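Quick notes on the structure that follows.
Here the structure is a predicted model, which is why all the values come from computation and not from measurement.
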Amino acid sequence: SPGIRTVDIEGKKIKLQVWDTTISTAYYRGAMGIILVYDIMDEKSFENIQNWMKSIKENGSAGVEHLLLGNKCDMEAKRKVQKEQADKLPPEQGIRFFETSAKSSRNVDEAFSSLAQDILLKSGGRRSGNGNKPPSTDLKTCDKKNTSKCSLG
Ligand SMILES: Nc1nc2c(ncn2[C@@H]2O[C@H](COP(=O)(O)OP(=O)(O)OP(=O)(O)O)[C@@H](O)[C@H]2O)c(=O)[nH]1
């Protein structure tokens, strides 16, 4: 949901201003990060993501960080979009992917932190290290191993 979100990165508090909007160039112009969200129970929402990615690319989003989220991962029993389908999307600018649940909060902090970190890195931020993104195998997603953490409350 929209509003201010604060994440802590290496001891620094980073404030994120978050808008929740149906995507349009007017809204994301000037943004430092774009979060694309689909619903793992809704194949159509996943198909739409591919159009959004294309549209964002065409509208010149060089320098903008992207994050792809498959939301509602607490609804494993009704899953229609497999995690592998998202993994197979064209690796545009190395877009990061998480499966999240706004309901259980699964991976929500992780997703925002990762986006904030990428923005910091790209903007020549103060983060120490070699400037490389960690390998995607570090990403936590709601696979079979941890569905217990995504169960309905
Ligand atoms: N089970 C489950 N339900 C969720 C989750 N996230 C959102 N919902 C539900 O999905 C519905 C839509 O949520 P919204 O946050 O309004 O989604 P939206 O895509 O912003 O919808 P619009 O405001 O119409 O654009 C609500 O009933 C939420 O409670 C989740 O992670 N798990």
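Under the 30°/60° scheme for interplanar angles, the aromatic rings of Phe46 and Tyr38 are found to stand perpendicular.
Applying the salt bridge (charged side-chain N to carboxylate O under 4.0 Å, His left out) test to Asp87 and every residue at least two apart in sequence or in another chain returns Lys83. For Asn48, the side-chain hydrogen bond (donor to acceptor under 3.5 Å, both in side chains) test picks out no residue, with sequence neighbours left out. Applying the salt bridge (charged side-chain N to carboxylate O under 4.0 Å, His left out) test to Lys13 and every residue at least two apart in sequence or in another chain returns Asp8. Under the salt bridge (charged side-chain N to carboxylate O under 4.0 Å, His left out) criterion, Lys54 pairs with Glu58, sequence neighbours left out. Under the rule for a side chain to side chain contact (heavy atoms under 4.5 Å, CB included), the partners of Val37 that lie at least two apart in sequence or sit in another chain are Ile35, Leu69, Asn71. For Glu47, the salt bridge (charged side-chain N to carboxylate O under 4.0 Å, His left out) criterion is met by Lys44, not counting sequence neighbours.
Here the CZ atom belonging to Arg96 is positioned 9.0 Å from the CG atom belonging to Leu115, to the nearest 0.5 angstrom. Going from atom OG of Ser105 over to atom CD of Glu110 covers 9.5 Å, rounded to the nearest 0.5 Å. Remark: Lys80 NZ to Gln82 CD distance equals 11.0 Å, nearest 0.5 Å. To the nearest 0.5 angstrom, Leu16 atom CG is 8.5 Å from Ile4 atom CD1. We find the CG-CD1 distance between Leu36 and Ile49 to be 4.5 Å, quoted to the nearest 0.5 Å.
By the 4.5 Å heavy-atom criterion applied to side chains, Val108 and Arg5 are counted as neighbours. Using a 4.5 Å heavy-atom cutoff, the side chains of Glu99 and Arg79 are in contact.
Screening Leu120, Ile119, Ile34 for a side-chain contact (heavy atoms from CB on, under 4.5 Å) with Glu65, the sole residue that qualifies is Ile119. Paired with Lys72 under the rule side-chain hydrogen bond (donor to acceptor under 3.5 Å, both in side chains), one option of Thr100, Asp42, Asp39 passes, and it is Asp39.
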